[in-house]
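Notes for the one structure printed next.
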Amino acid sequence: YSLLDQMTGVQLRDDPLDLAPAEVVASFPPGSFPECIVMDRDGTMYVTLMFQNQIVRLRPGGAPELFHEFDRELIQGDLVGPSCMVIGSGGELFVNVVSDNGQAQGVWQFSTETGLGHRIAPFPVPAFPNGLAADDRGRLYAADPIRGLIWLIEPQQRKATVWSRDRRGGRAHTRRF
């Protein structure tokens with residue numbers, strides 16, 4: 001059974017319907033967990049492999065290459081690693097990192113030219129920085145389903161502030177499967 005089967009009780013077809021033409025542009029080893037994909041202006045794709053603590057780069061027509069690997073001592077806990085990403089207006093890569101280590105968790109900024117990165121805004125532990133979006137003024141917004149918040153990150157200020165709060169008062173309503 002797939003994870004989707006286990007979560008929903010719906011079994012997927014062994015012979016998927018061909019609804020639209022598709023092409024595999026990259027494949028990863030079994031057990032990989034591609035969490036997010038973004039594409040920059042020149043068509044280069046970046047993929048987070050959450051549980052492997054990696055960001056992989058795929059240039060047009062090229063093979064996947066390691067862009068960044070987080071130190072396993074830095075990224076601690078279960079269900080942790082780099083999650084969602086967005087390309088900034090200057091071409092930089094912003095990445096949410098989930099960790100039980102307060103020194104790692106938050107939004108990181110990477111140069112797509114050099115691959116060098118640093119954390120620009122911490123999130124408290126526990127939190128689960130998930131979806132990430134940018135507006136036309138360069139501000140970032142990160143969803144946090146654990147706390148029921150949307151965080152606002154202004155990269156120059158190097159901090160995250162609450163932009164929106166779930167009116168029900170907090171924790172996301174989840175259940176274990």
Exam field: side chain Gln103 to backbone Asn101, donor-acceptor pair closer than 3.5 Å
no
With a 4.5 Å limit on heavy-atom distance, are the side chains of Arg165 and Asp144 in contact?
no
Can you find a pair of side-chain heavy atoms, one from Thr44 and one from Met39, that are under 4.5 Å apart?
no
Does any part of the side chain of Arg119, heavy atoms only, come nearer than 4.5 Å to the side chain of Pro122, both counted from C-beta?
yes
Least distance between heavy atoms, Val95 atom then Pro82 atom
CG1-CB, 3.8 Å
Taking side chain as C-beta onward, heavy atoms only, is Gln52 less than 4.5 Å from Phe33?
yes
Find out whether Leu58 and Tyr46 are in side-chain contact, i.e. whether some heavy atom of one side chain is under 4.5 Å from a heavy atom of the other.
no
Can a salt bridge be assigned to the pair Glu65 and Arg57 using a cut-off of 4.0 Å between side-chain N and carboxylate O?
yes
Donor-acceptor pair, Thr48 side chain versus Met50 backbone, under 3.5 Å?
no
Mind checking whether Ile153 and Phe123 have side chains closer than 4.5 Å, heavy atoms only?
yes
Apply ring-ring contact (aromatic ring centres under 6.0 Å, His included) to the pair Trp163 and Tyr141, showing each step before the final yes or no.
CA-CA 8 Å; Trp163 184 76; Tyr141 302 85; 5.1 Å; yes
Side chains of Phe110 and Ile55, heavy atoms from C-beta outward: is any pair under 4.5 Å?
yes
Check the hydrophobic clustering (I, L, V, M, F, W, Y; side-chain heavy atoms under 4.5 Å; chains of links allowed) and say if Val38 and Phe67 are grouped together.
yes
Under a 4.5 Å side-chain heavy-atom rule over Ile, Leu, Val, Met, Phe, Trp and Tyr, are Val86 and Trp151 clustered together?
yes
Side chain to side chain, Gln54 and Phe70, heavy atoms closer than 4.5 Å
no
